[in-house]
Visitor: 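Have a look at the structure that comes next, please.
Ligands are counted one by one from 1 in listed order, and the atoms in each one are counted from 1 as well.
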Amino acid sequence: MKIGLVGFPGAGKSTVFGALTGIAVETGYSAPRDKVNLGVVKVPDSRVDALAELYSPKKVTYAEITFTDLGGGSEGLDRKVLNAMREVDALCQVVRAFPDAAGEAPHPVVEITDLEVETILADLDLIEKRVERLVRDRSNPRELELLQRIVVHLEQERPLRSFELTEEEAKMIAGYALLSLKPLLLVINVGEDEIGSEIPKDIETAAVQRGLGVVVLSAKVEMDVAAMPDEEQAEFAESLGLAEPARGRFIRAAYDLIDLVSMLTAGPDECRAWPVARGSKAVRAAGKIHSDIERGFIRAEVIKWQDLIEQGSEAKCRDAGLARVEGKEYIMQDGDVVHFRFNV
Ligand SMILES: Nc1nc2c(ncn2[C@@H]2O[C@H](COP(=O)(O)OP(=O)(O)OP(=O)(O)O)[C@@H](O)[C@H]2O)c(=O)[nH]1
Ligand SMILES: [Mg+2]
């Protein structure tokens, strides 16, 4: 899973990236404008922590997501950046809400609207070309009909996130990697002195109208926090007036953007979260762990993580009737602790 940090030049993408990953990257106006940074982060998960406390395993493994700082482009959001945006599963728009080095006031709502318009125009461009083809060669009337409706929607300057698609229609256009359809989270990058204050009303309205999630943080401060040794981060954050580093909150929100649930495995060797697509059948989810388990699947033994923590052991869960035996077709649920039985 890959999440792209996007936004206008100087919005703070690279600073946010540094805060998320702890990787030192170049920020500011002298940083290379088209450099793409890539970093893997662990998704904080209190369920994994609770299981680890119960089992004291040799290893603890969290789900991971890759963040990529797509750069600001050489002239704003140029074609190169827009194309790179197509490659990611979800977008986080970093929005400047602090006065820049020259003292220039921020225009966060304008940035939100402008990026939306850019993505709508890029989609329209792509879809119109495709429509022309389909009109010419008459190869796929059903897709043509769908795309023509999409064009109408886009021409009204509405992103495709607000276009209703059936599952079948969604499949039909999945290959186009449309930008205004990608899940989007707004990251409002406020100045140091705004930490802890309410999210400005106009920004909130812009987000609510669009049904978008919002995380407010001060990237520069978060980057300083992230650069500290782990055990000192909480204390340092507190001394700066932060209840907790925003990093964890932000990563969770980004993880929730992509349609994933976490399946859990627990034991004395390892406690681990496995990201699986929402709606995955047990047999497919098993394949995430190992293809042999998918091939030789017999059954899944499932306990809800809360039950396991409350009861204190799998045996007690079985006694209390809280352990279920599920077959191949079972739909994995978020927070299921699972053992797969298989035979190869
Ligand atoms: N005061 C303040 N400055 C910030 C904050 N976040 C970023 N900056 C500064 O704003 C400038 C631009 O930040 P970058 O992270 O380089 O912005 P960017 O979006 O990566 O910019 P490009 O890659 O050039 O498009 C840098 O000088 C940062 O130090 C913040 O929260 N507060
Ligand atoms: Mg940058």
Visitor: Backbone N or O of Phe8 within a donor-acceptor pair of the Lys13 side chain at under 3.5 Å?
Guide: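 Checking the backbone N and O of Phe8 against the side chain of Lys13, a donor-acceptor pair under 3.5 Å is found.
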Visitor: With nothing but distance in play, are any N or O atoms of Pro99 less than 3.5 Å from an N or O of ligand 1?
Guide: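 So ligand 1 has no N or O lying under 3.5 Å from an N or O of Pro99.
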Visitor: Ignoring angles and geometry beyond distance, decide whether Gly191 reaches within less than 3.5 Å of ligand 1 through its nitrogen or oxygen atoms.
Guide: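 No, no N or O pair falls under 3.5 Å.
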Visitor: Which ligand 1 atoms are under 4.0 Å away from a heavy-atom of Ala219?
Guide: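 Checking each atom against Ala219, I get 6 (N), 31 (O).
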Visitor: Mind listing the closest non-hydrogen atom pair of Ala122 and Leu179 along with its distance?
Guide: CB-CD1, 4.1 Å
Visitor: What do you reckon, does Ala101 put a non-hydrogen atom under 4.0 Å from ligand 1?
Guide: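 The answer is no, since Ala101 has no heavy atom less than 4.0 Å from ligand 1.
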Visitor: Within Thr15, is some N, O or S atom less than 2.8 Å away from the Mg ion (ligand 2)?
Guide: no
Visitor: Quick check: does Ala11 get an N/O under 3.5 Å from an N/O on ligand 1?
Guide: yes
Visitor: List every atom of ligand 1 that sits less than 4.0 Å from any heavy atom of Pro9, numbering the atoms from 1 in the order shown and giving each element.
Guide: 25 (O)
Visitor: Going by heavy atoms, is Asn189 under 4.0 Å from ligand 1?
Guide: yes
Visitor: Is there a path of hydrophobic side-chain contacts, each under 4.5 Å between heavy atoms, that joins Trp274 and Phe342?
Guide: yes
Visitor: Could you walk me through whether Thr265 and Glu270 pass the side-chain hydrogen bond (donor to acceptor under 3.5 Å, both in side chains) check?
Guide: CA-CA 8 Å; Thr265 52; Glu270 188 182 31; 5.3 Å; no
Visitor: How close do Cys92 and Val187 get, heavy atom to heavy atom, and via which atoms?
Guide: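 Shortest heavy-atom separation between Cys92 and Val187 comes out as CB-CG2, 4.1 Å.
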Visitor: Tell me if a side-chain donor or acceptor on Gln333 pairs with a main-chain N or O of Ile331 at a distance below 3.5 Å.
Guide: yes
Visitor: Can a non-hydrogen atom of Gly7 be found less than 4.0 Å from any atom of ligand 1?
Guide: no
Visitor: May I have the list of side-chain donor-acceptor pairs in residues 251-263 shorter than 3.5 Å, sequence neighbours left out?
Guide:
unit_1	atom_1	unit_2	atom_2	d
Arg252	NH1	Pro44	O	3.1
Tyr255	OH	Ser262	OG	2.9
Asp259	OD1	Arg278	NE	3.0

Visitor: In ligand 1, which numbered atoms sit nearer than 4.0 Å to a non-hydrogen atom of Ser218?
Guide: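 Numbered from 1, ligand 1 contributes 31 (O).
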Visitor: Between Val221 and ligand 1, find which residue part has any heavy-atom pair under 4.0 Å and reply side chain, backbone, both or neither.
Guide: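 Near ligand 1, Val221 shows nothing, with every heavy atom at 4.0 Å or more.
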Visitor: Minimum distance, heavy atoms only, to atom 30 (C) of ligand 1: which one of Lys220, Glu222, Lys13 is it?
Guide: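 Among Lys220, Glu222, Lys13, the closest heavy atom to atom 30 (C) of ligand 1 belongs to Lys220.
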Visitor: What pair of heavy atoms forms the shortest contact from Val109 to Ala206, and how long is it?
Guide: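 Heavy-atom minimum between the residues: CG1-CB, 4.3 Å.
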Visitor: Check ligand 1 against Glu192 and write out every atom of the ligand that is under 4.0 Å from a heavy-atom position of the residue.
Guide: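 Ligand 1 atoms under the 4.0 Å threshold to Glu192: 1 (N), 2 (C), 30 (C), 32 (N).
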Visitor: Applying a strict 4.0 Å limit to heavy atoms, is Asp69 in contact with ligand 1?
Guide: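 No, Asp69 has no heavy atom closer than 4.0 Å to ligand 1.
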Visitor: Distance alone, cut at 3.5 Å: any donor-acceptor contact between the side chains of Ser218 and Glu194?
Guide: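 Looking only at side-chain atoms, Glu194 and Ser218 do not form any donor-acceptor pair under 3.5 Å.
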Visitor: Show me the side-chain donor-acceptor pairs of residues 281-291 shorter than 3.5 Å, one per line, residues at least two apart or across chains.
Guide:
unit_1	atom_1	unit_2	atom_2	d
Lys281	NZ	Glu329	OE1	3.0
His290	ND1	Asp292	N	3.0

Visitor: With a cut-off of 4.0 Å, which atoms of ligand 1 are near a heavy atom of Ser14?
Guide: 15 (O), 18 (P), 20 (O), 23 (O)
